[in-house]
Amino acid sequence: MAGQGKAKLLAVIGDEDTVTGFLLGGIGELDIYRKPNFLAVNRSTSVAEIETAFKVFTSRDDIAIVLITQNVGEFIRPFLDHYTKALPAVLEIPSKEHPYDGNKDSILRRARRMFAAEDFR
């Protein structure tokens with residue numbers, strides 16, 4: 001079997017509908033300290049809680065990808081803009097109520113700076 005190392009997890013930070021969808025898809029896990037790999041953000045969730053979840057998820061060795069809904073990502077935009085590690089990868093995704101805007105995506109903006117349109121012709 002290829003890649004016989006320990007399996008890595010997906011983490012999700014987003015609105016309740018998005019997180020629930022991913023949990024129904026089977027991504028929910030607890031680490032050895034009984035900490036989940038998801039944060040469902042609602043009106044009572046503070047920015048500090050979102051920042052803490054982002055820092056925790058991006059420092060865990062068992063997480064390979066952190067998905068964050070773009071509207072929630074706006075609350076911690078400086079953290080997203082300054083995050084440069086390859087693993088875990090951080091990807092911004094749309095939510096049910098908020099469509100994806102590529103101009104706000106820090107990873108897409110970095111890629112656009114690296115490559116000019118002429119490079120693909």
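The figures here come from the full heavy-atom set of this structure, side chains too, leaving out hydrogens, waters and symmetry mates.
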Electrostatic pair Glu29:Lys35 at N-O distance under 4.0 angstrom: no

Could you check whether any side-chain N or O of Asn37 sits under 3.5 Å from a backbone N or O of Ile27, counting only pairs where one atom can act as donor and the other as acceptor? yes

Would you list the pairs meeting salt bridge (charged side-chain N to carboxylate O under 4.0 Å, His left out) in which at least one residue belongs to residues 43-58, sequence neighbours left out? none

Search all heavy atoms of Val41 against all heavy atoms of Val72 and return the closest pair with its distance. CG2-CG1, 3.9 Å

From CG (Leu9) to CG (Asp62), nearest 0.5 Å: 4.5 Å

Testing the basics here: between Phe75 and Val47, what is the closest heavy-atom pair and its distance to 0.1 Å? O-CG1, 3.7 Å

Who else is in the cluster with Tyr33 when I, L, V, M, F, W and Y are joined by side-chain contacts under 4.5 Å? Ile32

Ile13 and Val19: which non-hydrogen atoms are nearest, and at how many Å? C-CG2, 4.5 Å

Decide yes or no on side chain to side chain contact (heavy atoms under 4.5 Å, CB included) for Ile68 and Leu91, but give the supporting numbers first. CA-CA 6 Å; Ile68 184 166; Leu91 302 173; over 6 Å; no

To the closest 0.5 Å, what do you measure between NZ (Lys8) and CG (Asp61)? 6.0 Å

Separation between OG1 (Thr69) and CD (Glu74), nearest 0.5 Å, reads 10.0 Å

Would you mind reporting whether Ile93 and Phe22 have side-chain heavy atoms less than 4.5 Å apart? yes

Counterpart residues, ring pair (Phe, Tyr, Trp, His ring centres under 6.0 Å), relative to Phe54 (two or more places apart): Tyr83

Ile63 versus Ala11, closest heavy-atom pair with distance: CD1-CB, 3.7 Å

Heavy atoms only: give me the nearest Asp31-Arg60 pair and the separation to one decimal. CB-NH2, 3.5 Å

Nearest heavy atoms of His82 and Pro78, plus distance in Å: ND1-O, 2.7 Å

Euclidean distance, Gln70 CD relative to Leu80 CG, rounded to 0.5 Å: 9.5 Å

Could you give the distance from NZ (Lys96) to CG (Asn71), rounded to the nearest 0.5 Å? 13.0 Å

Audit row: Asp17, Thr20, side-chain hydrogen bond (donor to acceptor under 3.5 Å, both in side chains) steps and yes/no: CA-CA 5 Å; Asp17 288 341; Thr20 299; 5.6 Å; no

So Val12 and Leu39, do their side chains get closer than 4.5 Å, heavy atoms only? no

Interatomic distance, Thr58 atom OG1 to Ile65 atom CD1 [nearest 0.5 angstrom]: 14.0 Å

